[in-house]
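Each remark here refers to the structure printed beneath this line.
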Amino acid sequence: MQAIIKVGEGKVALKTVEVPKPGPGQVLVKIFAAAQNPSDWMKLKRGWGEGEGLIVGHDFAGVIQQLGPNVSESTRSSRQIGQRVAGFVNGCMTPENGGSFTEYCVADETMLIDLPDDMSFESASTIGFAAFTACQALWQNQTLPTPFDVTKNPFPILVWSGASAVGQYAVQLAKQSGLQVITTASPRNHELLKKLGADAVFDYRDNEVVSKITTFCGDNELNVAIDCASNDESISLIAQCIGDRKESYIALVLPVEVKAKHIRSDFTYVYTLLGKPTRDKYNYPAIPEHYELGKWCAGLLSHLAKQGALSTVPIRVVPNGLADAQYWIKYQEEGKVRAEKIVYRVRSS
Ligand SMILES: NC(=O)c1ccc[n+]([C@@H]2O[C@H](COP(=O)([O-])OP(=O)(O)OC[C@H]3O[C@@H](n4cnc5c(N)ncnc54)[C@H](OP(=O)(O)O)[C@@H]3O)[C@@H](O)[C@H]2O)c1
(Lines give C-alpha, C1' and ligand atoms only; values in the text may rest on other atoms or scores of the structure.)
Protein backbone atom coordinates (compact mmCIF):
# COMPACT_ATOMS: atom_id res chain seq x y z
CA MET A 1 0.00 0.00 0.00
CA GLN A 2 1.02 3.62 -0.44
CA ALA A 3 1.71 5.47 2.83
CA ILE A 4 3.05 8.79 4.05
CA ILE A 5 6.23 7.89 5.90
CA LYS A 6 8.46 9.92 8.19
CA VAL A 7 11.81 10.30 6.37
CA GLY A 8 13.47 12.95 8.55
CA GLU A 9 12.76 15.72 11.05
CA GLY A 10 9.55 17.32 9.80
CA LYS A 11 9.92 15.44 6.50
CA VAL A 12 7.60 12.92 4.89
CA ALA A 13 7.43 11.00 1.61
CA LEU A 14 4.91 8.75 -0.12
CA LYS A 15 6.29 5.19 -0.15
CA THR A 16 5.13 1.64 -0.69
CA VAL A 17 4.87 -0.47 2.48
CA GLU A 18 3.33 -3.78 3.59
CA VAL A 19 -0.37 -3.92 4.40
CA PRO A 20 -0.56 -4.59 8.20
CA LYS A 21 -2.25 -7.67 9.66
CA PRO A 22 -4.90 -7.30 12.39
CA GLY A 23 -3.96 -8.96 15.69
CA PRO A 24 -6.29 -10.23 18.43
CA GLY A 25 -9.01 -7.68 19.15
CA GLN A 26 -8.15 -5.70 16.05
CA VAL A 27 -9.62 -5.16 12.60
CA LEU A 28 -8.05 -4.10 9.33
CA VAL A 29 -9.71 -0.91 8.07
CA LYS A 30 -9.71 -0.01 4.38
CA ILE A 31 -9.26 3.76 4.62
CA PHE A 32 -11.33 6.08 2.44
CA ALA A 33 -10.39 9.38 4.12
CA ALA A 34 -7.82 10.56 6.66
CA ALA A 35 -7.88 13.86 8.56
CA GLN A 36 -4.90 15.85 9.79
CA ASN A 37 -4.18 16.97 13.36
CA PRO A 38 -1.65 19.32 14.99
CA SER A 39 -0.08 16.21 16.52
CA ASP A 40 1.02 15.11 13.04
CA TRP A 41 3.52 17.94 12.67
CA MET A 42 4.37 17.90 16.38
CA LYS A 43 5.39 14.24 16.30
CA LEU A 44 7.40 14.74 13.11
CA LYS A 45 9.24 17.74 14.52
CA ARG A 46 9.73 16.80 18.14
CA GLY A 47 10.96 13.28 17.63
CA TRP A 48 8.34 11.63 19.85
CA GLY A 49 8.16 8.46 17.79
CA GLU A 50 10.67 5.66 17.37
CA GLY A 51 12.18 7.26 14.28
CA GLU A 52 12.15 7.28 10.51
CA GLY A 53 10.08 4.80 8.53
CA LEU A 54 6.92 5.23 10.64
CA ILE A 55 3.53 5.84 9.04
CA VAL A 56 2.17 9.32 9.77
CA GLY A 57 -1.44 10.21 10.68
CA HIS A 58 -4.02 9.56 13.39
CA ASP A 59 -7.56 9.99 12.05
CA PHE A 60 -9.25 7.66 9.59
CA ALA A 61 -12.65 6.66 8.21
CA GLY A 62 -13.33 3.62 6.07
CA VAL A 63 -14.75 0.12 6.06
CA ILE A 64 -13.72 -3.02 7.91
CA GLN A 65 -11.79 -5.19 5.47
CA GLN A 66 -10.70 -8.05 7.74
CA LEU A 67 -11.33 -9.23 11.32
CA GLY A 68 -8.46 -10.16 13.62
CA PRO A 69 -8.20 -13.66 15.17
CA ASN A 70 -10.66 -13.33 18.07
CA VAL A 71 -12.96 -10.65 16.67
CA SER A 72 -16.27 -12.30 16.08
CA GLU A 73 -19.92 -11.50 16.06
CA SER A 74 -20.02 -12.23 19.80
CA THR A 75 -18.11 -9.04 20.67
CA ARG A 76 -19.78 -5.85 21.91
CA SER A 77 -20.43 -4.36 18.53
CA SER A 78 -20.83 -7.44 16.33
CA ARG A 79 -18.06 -6.35 14.01
CA GLN A 80 -18.50 -7.42 10.43
CA ILE A 81 -16.60 -7.01 7.21
CA GLY A 82 -17.91 -4.03 5.27
CA GLN A 83 -19.00 -1.96 8.31
CA ARG A 84 -18.43 1.79 7.94
CA VAL A 85 -16.28 3.05 10.82
CA ALA A 86 -14.03 5.91 11.97
CA GLY A 87 -11.43 6.25 14.68
CA PHE A 88 -7.85 7.14 15.50
CA VAL A 89 -4.52 5.38 15.94
CA ASN A 90 -1.36 6.49 17.73
CA GLY A 91 0.30 7.31 14.42
CA CYS A 92 3.98 7.93 13.76
CA MET A 93 4.95 6.39 17.08
CA THR A 94 5.78 2.70 16.67
CA PRO A 95 5.68 0.27 13.71
CA GLU A 96 2.90 -1.78 15.44
CA ASN A 97 0.66 1.27 15.91
CA GLY A 98 0.92 2.20 12.24
CA GLY A 99 -0.66 5.44 11.02
CA SER A 100 -3.66 6.66 9.04
CA PHE A 101 -2.14 8.54 6.07
CA THR A 102 -2.30 5.37 4.02
CA GLU A 103 -4.65 2.83 2.46
CA TYR A 104 -5.15 0.40 5.37
CA CYS A 105 -4.62 0.52 9.13
CA VAL A 106 -5.25 -1.82 12.03
CA ALA A 107 -7.43 -0.57 14.86
CA ASP A 108 -8.88 -1.82 18.16
CA GLU A 109 -12.37 -3.03 17.30
CA THR A 110 -13.82 -1.63 20.55
CA MET A 111 -12.53 1.89 19.85
CA LEU A 112 -14.31 2.34 16.52
CA ILE A 113 -17.14 4.77 15.87
CA ASP A 114 -19.96 3.23 13.82
CA LEU A 115 -21.01 5.51 10.99
CA PRO A 116 -24.48 6.10 9.61
CA ASP A 117 -24.81 5.63 5.83
CA ASP A 118 -25.48 9.32 5.26
CA MET A 119 -22.21 10.52 6.83
CA SER A 120 -19.40 10.87 4.27
CA PHE A 121 -16.05 9.27 5.03
CA GLU A 122 -14.44 12.71 4.60
CA SER A 123 -16.56 14.26 7.37
CA ALA A 124 -16.34 11.14 9.54
CA SER A 125 -12.54 11.21 9.40
CA THR A 126 -12.61 14.38 11.55
CA ILE A 127 -14.24 12.68 14.53
CA GLY A 128 -11.74 10.26 16.08
CA PHE A 129 -8.80 12.13 17.55
CA ALA A 130 -10.61 15.39 18.39
CA ALA A 131 -13.89 13.95 19.67
CA PHE A 132 -12.20 11.34 21.89
CA THR A 133 -10.01 14.14 23.28
CA ALA A 134 -13.10 16.24 24.01
CA CYS A 135 -14.77 13.27 25.75
CA GLN A 136 -11.67 12.65 27.82
CA ALA A 137 -11.44 16.31 28.89
CA LEU A 138 -15.11 16.25 29.89
CA TRP A 139 -15.35 12.93 31.68
CA GLN A 140 -12.00 11.38 32.61
CA ASN A 141 -11.12 13.34 35.72
CA GLN A 142 -14.37 14.94 36.78
CA THR A 143 -17.98 13.91 37.23
CA LEU A 144 -20.10 15.84 34.74
CA PRO A 145 -23.46 15.05 33.19
CA THR A 146 -23.37 13.22 29.86
CA PRO A 147 -25.71 13.03 26.85
CA PHE A 148 -26.93 9.71 28.36
CA ASP A 149 -27.51 11.41 31.75
CA VAL A 150 -28.53 14.99 30.99
CA THR A 151 -28.59 17.39 33.94
CA LYS A 152 -31.85 19.09 34.84
CA ASN A 153 -29.90 21.82 36.66
CA PRO A 154 -27.65 23.43 34.05
CA PHE A 155 -24.45 25.03 35.30
CA PRO A 156 -21.80 26.82 33.23
CA ILE A 157 -18.80 25.24 31.57
CA LEU A 158 -16.19 27.30 29.73
CA VAL A 159 -14.68 25.79 26.57
CA TRP A 160 -11.71 27.94 25.64
CA SER A 161 -10.86 27.92 21.91
CA GLY A 162 -14.20 26.45 20.86
CA ALA A 163 -13.45 26.67 17.12
CA SER A 164 -10.58 24.20 17.41
CA ALA A 165 -11.56 20.67 16.38
CA VAL A 166 -11.42 19.51 20.01
CA GLY A 167 -13.40 22.58 21.03
CA GLN A 168 -16.15 22.00 18.45
CA TYR A 169 -16.77 18.51 19.80
CA ALA A 170 -16.48 19.67 23.43
CA VAL A 171 -19.06 22.43 22.88
CA GLN A 172 -21.68 20.12 21.38
CA LEU A 173 -21.07 17.26 23.84
CA ALA A 174 -21.32 19.64 26.82
CA LYS A 175 -24.50 21.19 25.43
CA GLN A 176 -26.05 17.79 24.81
CA SER A 177 -25.30 16.95 28.46
CA GLY A 178 -27.50 19.87 29.48
CA LEU A 179 -24.76 22.29 30.50
CA GLN A 180 -24.68 26.02 29.85
CA VAL A 181 -21.82 26.36 27.37
CA ILE A 182 -19.65 29.47 27.22
CA THR A 183 -16.88 29.45 24.66
CA THR A 184 -14.26 31.69 23.03
CA ALA A 185 -13.25 32.04 19.38
CA SER A 186 -12.40 34.57 16.68
CA PRO A 187 -15.53 36.52 15.66
CA ARG A 188 -15.78 34.78 12.27
CA ASN A 189 -16.45 31.49 14.10
CA HIS A 190 -19.14 32.73 16.50
CA GLU A 191 -22.07 31.64 14.32
CA LEU A 192 -20.57 28.17 13.85
CA LEU A 193 -20.30 27.74 17.62
CA LYS A 194 -23.83 28.99 18.26
CA LYS A 195 -25.06 26.40 15.76
CA LEU A 196 -23.19 23.75 17.75
CA GLY A 197 -25.14 24.83 20.84
CA ALA A 198 -22.95 27.42 22.57
CA ASP A 199 -25.03 29.72 24.80
CA ALA A 200 -22.48 32.51 24.57
CA VAL A 201 -19.36 33.09 22.48
CA PHE A 202 -16.66 35.67 23.22
CA ASP A 203 -13.55 36.74 21.34
CA TYR A 204 -10.49 35.44 23.21
CA ARG A 205 -8.49 38.44 21.90
CA ASP A 206 -10.93 40.96 23.40
CA ASN A 207 -9.25 42.84 26.28
CA GLU A 208 -12.50 42.60 28.19
CA VAL A 209 -13.09 38.89 27.61
CA VAL A 210 -12.80 38.03 31.33
CA SER A 211 -15.29 40.66 32.51
CA LYS A 212 -17.69 39.75 29.69
CA ILE A 213 -17.62 36.07 30.69
CA THR A 214 -18.04 36.76 34.41
CA THR A 215 -20.88 39.20 33.69
CA PHE A 216 -22.59 36.58 31.51
CA CYS A 217 -22.30 33.96 34.26
CA GLY A 218 -23.73 36.32 36.87
CA ASP A 219 -24.80 34.30 39.90
CA ASN A 220 -24.10 30.98 38.16
CA GLU A 221 -20.67 30.04 39.46
CA LEU A 222 -18.14 29.02 36.83
CA ASN A 223 -16.15 26.09 38.23
CA VAL A 224 -15.33 23.99 35.19
CA ALA A 225 -13.31 24.74 32.07
CA ILE A 226 -11.75 22.89 29.17
CA ASP A 227 -8.78 24.66 27.68
CA CYS A 228 -8.39 23.59 24.05
CA ALA A 229 -5.56 26.09 23.52
CA SER A 230 -3.64 25.36 26.74
CA ASN A 231 -1.07 28.13 26.54
CA ASP A 232 0.07 30.53 29.27
CA GLU A 233 -2.38 33.21 28.16
CA SER A 234 -5.43 30.96 27.94
CA ILE A 235 -4.68 29.44 31.35
CA SER A 236 -4.30 32.87 32.93
CA LEU A 237 -7.55 34.19 31.41
CA ILE A 238 -9.53 31.08 32.40
CA ALA A 239 -8.14 31.33 35.94
CA GLN A 240 -9.35 34.95 36.09
CA CYS A 241 -12.83 33.85 34.95
CA ILE A 242 -12.91 31.23 37.72
CA GLY A 243 -11.58 33.67 40.31
CA ASP A 244 -10.87 32.41 43.80
CA ARG A 245 -13.51 29.67 43.82
CA LYS A 246 -12.46 26.45 45.45
CA GLU A 247 -13.47 23.09 43.93
CA SER A 248 -12.75 24.34 40.42
CA TYR A 249 -11.17 22.37 37.61
CA ILE A 250 -9.49 22.97 34.24
CA ALA A 251 -8.89 20.13 31.76
CA LEU A 252 -5.80 20.82 29.66
CA VAL A 253 -4.93 19.40 26.24
CA LEU A 254 -1.25 20.31 26.53
CA PRO A 255 0.94 19.95 29.65
CA VAL A 256 1.08 23.59 30.79
CA GLU A 257 1.33 24.80 34.38
CA VAL A 258 -1.67 26.36 36.06
CA LYS A 259 -0.20 28.97 38.41
CA ALA A 260 -3.44 29.48 40.39
CA LYS A 261 -2.85 26.59 42.80
CA HIS A 262 -6.40 26.51 44.19
CA ILE A 263 -7.58 25.31 40.75
CA ARG A 264 -7.28 21.58 40.15
CA SER A 265 -6.06 20.80 36.65
CA ASP A 266 -5.08 17.78 34.56
CA PHE A 267 -3.43 17.25 31.23
CA THR A 268 -5.46 14.53 29.53
CA TYR A 269 -3.72 12.46 26.86
CA VAL A 270 -5.97 10.86 24.27
CA TYR A 271 -3.71 7.87 23.58
CA THR A 272 -4.30 6.47 27.06
CA LEU A 273 -7.89 5.75 25.96
CA LEU A 274 -6.45 3.11 23.60
CA GLY A 275 -5.51 1.02 26.63
CA LYS A 276 -1.85 0.46 25.77
CA PRO A 277 1.43 1.86 27.15
CA THR A 278 2.18 5.05 25.19
CA ARG A 279 5.90 4.32 24.75
CA ASP A 280 6.66 8.02 24.28
CA LYS A 281 8.22 10.78 26.36
CA TYR A 282 5.26 10.67 28.79
CA ASN A 283 5.60 6.91 29.11
CA TYR A 284 2.06 6.23 30.37
CA PRO A 285 1.41 2.60 31.28
CA ALA A 286 -1.77 0.87 30.10
CA ILE A 287 -4.50 2.38 32.30
CA PRO A 288 -7.54 0.05 32.42
CA GLU A 289 -9.95 2.79 33.60
CA HIS A 290 -8.96 5.00 30.67
CA TYR A 291 -9.47 2.12 28.26
CA GLU A 292 -12.96 1.54 29.70
CA LEU A 293 -13.68 5.25 29.25
CA GLY A 294 -12.40 5.03 25.65
CA LYS A 295 -14.81 2.19 24.88
CA TRP A 296 -17.66 4.11 26.50
CA CYS A 297 -16.76 7.18 24.37
CA ALA A 298 -16.79 5.03 21.21
CA GLY A 299 -20.29 3.88 22.16
CA LEU A 300 -21.44 7.44 22.89
CA LEU A 301 -20.04 8.86 19.63
CA SER A 302 -21.53 5.96 17.64
CA HIS A 303 -24.89 6.59 19.29
CA LEU A 304 -24.83 10.33 18.54
CA ALA A 305 -23.68 9.77 14.96
CA LYS A 306 -26.50 7.29 14.42
CA GLN A 307 -29.04 9.78 15.84
CA GLY A 308 -27.74 12.49 13.48
CA ALA A 309 -26.73 14.41 16.61
CA LEU A 310 -22.98 14.68 15.97
CA SER A 311 -21.87 17.70 13.91
CA THR A 312 -18.54 16.98 12.30
CA VAL A 313 -15.88 19.67 11.88
CA PRO A 314 -16.01 21.60 8.55
CA ILE A 315 -13.62 19.98 6.08
CA ARG A 316 -11.20 21.06 3.40
CA VAL A 317 -10.64 18.04 1.15
CA VAL A 318 -7.26 18.79 -0.41
CA PRO A 319 -6.98 18.32 -4.18
CA ASN A 320 -4.10 15.89 -4.62
CA GLY A 321 -4.76 13.59 -1.69
CA LEU A 322 -1.80 12.20 0.24
CA ALA A 323 0.67 13.25 -2.48
CA ASP A 324 0.68 16.79 -1.02
CA ALA A 325 0.85 15.77 2.65
CA GLN A 326 4.20 17.52 3.18
CA TYR A 327 2.67 20.84 2.11
CA TRP A 328 -0.43 20.52 4.31
CA ILE A 329 1.50 19.32 7.37
CA LYS A 330 3.68 22.43 7.10
CA TYR A 331 0.57 24.55 6.50
CA GLN A 332 -0.86 23.34 9.80
CA GLU A 333 2.43 23.87 11.61
CA GLU A 334 2.27 27.51 10.45
CA GLY A 335 -1.06 27.89 12.31
CA LYS A 336 -3.10 28.33 9.13
CA VAL A 337 -5.74 25.67 9.84
CA ARG A 338 -8.67 27.52 11.45
CA ALA A 339 -12.01 25.98 12.41
CA GLU A 340 -11.69 23.23 9.80
CA LYS A 341 -9.89 19.97 9.14
CA ILE A 342 -7.48 19.18 6.34
CA VAL A 343 -8.81 15.93 4.88
CA TYR A 344 -7.09 13.56 2.45
CA ARG A 345 -9.36 11.50 0.22
CA VAL A 346 -7.51 8.20 0.04
CA ARG A 347 -9.92 6.46 -2.33
CA SER A 348 -13.34 7.28 -3.78
CA SER A 349 -16.41 5.73 -2.21
N1 LIG B 1 -3.85 15.96 24.88
C2 LIG B 1 -4.20 15.32 23.79
O3 LIG B 1 -4.24 14.09 23.76
C4 LIG B 1 -4.56 16.09 22.55
C5 LIG B 1 -5.33 15.50 21.54
C6 LIG B 1 -5.72 16.27 20.45
C7 LIG B 1 -5.27 17.59 20.35
N8 LIG B 1 -4.48 18.09 21.32
C9 LIG B 1 -4.03 19.48 21.27
O10 LIG B 1 -5.17 20.29 21.40
C11 LIG B 1 -4.98 21.50 20.70
C12 LIG B 1 -6.17 21.71 19.78
O13 LIG B 1 -6.14 20.69 18.79
P14 LIG B 1 -7.13 20.80 17.56
O15 LIG B 1 -6.87 19.69 16.64
O16 LIG B 1 -8.49 20.99 18.09
O17 LIG B 1 -6.59 22.16 16.93
P18 LIG B 1 -7.05 22.94 15.65
O19 LIG B 1 -8.39 22.50 15.20
O20 LIG B 1 -5.95 22.92 14.65
O21 LIG B 1 -7.15 24.43 16.26
C22 LIG B 1 -7.30 25.50 15.41
C23 LIG B 1 -8.02 26.60 16.17
O24 LIG B 1 -7.26 27.02 17.27
C25 LIG B 1 -7.69 28.32 17.65
N26 LIG B 1 -6.56 29.07 18.19
C27 LIG B 1 -5.38 29.30 17.58
N28 LIG B 1 -4.60 30.06 18.39
C29 LIG B 1 -5.33 30.28 19.53
C30 LIG B 1 -5.07 31.00 20.74
N31 LIG B 1 -3.91 31.62 20.95
N32 LIG B 1 -6.02 31.01 21.69
C33 LIG B 1 -7.20 30.38 21.49
N34 LIG B 1 -7.50 29.67 20.37
C35 LIG B 1 -6.57 29.65 19.41
C36 LIG B 1 -8.21 28.97 16.38
O37 LIG B 1 -9.49 29.48 16.69
P38 LIG B 1 -10.08 30.75 15.93
O39 LIG B 1 -10.10 30.37 14.48
O40 LIG B 1 -11.43 30.94 16.53
O41 LIG B 1 -9.13 31.89 16.22
C42 LIG B 1 -8.23 27.84 15.34
O43 LIG B 1 -9.44 27.77 14.62
C44 LIG B 1 -3.64 21.37 19.96
O45 LIG B 1 -2.64 21.99 20.70
C46 LIG B 1 -3.41 19.86 19.95
O47 LIG B 1 -2.05 19.53 19.89
C48 LIG B 1 -4.12 17.39 22.42
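Keep in mind that this is a model prediction, so the values were computed, not measured. We count ligands from 1, going down the list as the structure has it; atoms in each ligand are counted the same way.
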N/O separation below 3.5 Å, Thr268 to ligand 1 = yes
Verdict with reasoning, Thr278 to Asp280, per side chain to side chain donor-acceptor pair (under 3.5 Å) | CA-CA 5 Å; Thr278 61; Asp280 55 14; 2.8 Å; yes
Ala165, any N or O under 3.5 Å of ligand 1 N or O | yes
Assert yes or no for the condition that the ring centre distance of Tyr271 to Phe132 is strictly below 6.0 Å.
-> no
Contacting atoms of ligand 1, where contact means under 4.0 angstrom from a heavy atom of Phe129 = 5 (C), 6 (C)
Does the side chain of Asp40 come under 3.5 Å of the side chain of His58 through a donor N or O and an acceptor N or O?
-> yes
Establish, for the pair Arg345 and Phe32, whether the NZ or CZ atom is under 6.0 angstrom from the six-membered ring centre and no further than 45 degrees off its axis.
-> no
Counting from 1 in the order shown, the ligand 1 atoms closer than 4.0 Å to a non-hydrogen atom of Ala229 are 32 (N), 33 (C)
For ligand 1, is there an N or O atom under 3.5 Å from any N or O atom of Ser161?
-> yes
Of Trp41, Tyr269, Tyr271, Tyr204, the one whose closest heavy atom lies nearest atom 32 (N) of ligand 1 is Tyr204
Interfacing atoms of ligand 1 (cut-off 4.0 Å, heavy-atom, Asn231) = 31 (N)
Under 3.5 Å, is there a donor-acceptor pair between the Asn37 and Lys43 side chains?
-> no
Under a single-linkage definition using a 4.5 Å side-chain heavy-atom cutoff for Ile, Leu, Val, Met, Phe, Trp and Tyr, are Ile226 and Leu304 assigned to the same hydrophobic cluster?
-> yes
Kindly identify the option in Met42, Lys336, Gln332 whose heavy atom sits closest to atom 47 (O) of ligand 1.
-> Met42
Mind checking whether Ser39 has an N or O less than 3.5 Å away from an N or O of ligand 1?
-> no
Does ligand 1 have any atom that is closer than 4.0 Å to a heavy atom of Cys228?
-> yes
Where ligand 1 meets Thr133 - atom numbers and elements under 4.0 angstrom, heavy-atom basis | 4 (C), 5 (C), 6 (C)
Nitrogen or oxygen of Val270 less than 3.5 angstrom from that of ligand 1 = yes
Distance filter under 4.0 Å to Phe267 heavy atoms, resulting ligand 1 atoms | 1 (N)
Can you list the ligand 1 atoms lying under 4.0 Å from a non-hydrogen atom of Ala339?
-> 43 (O)
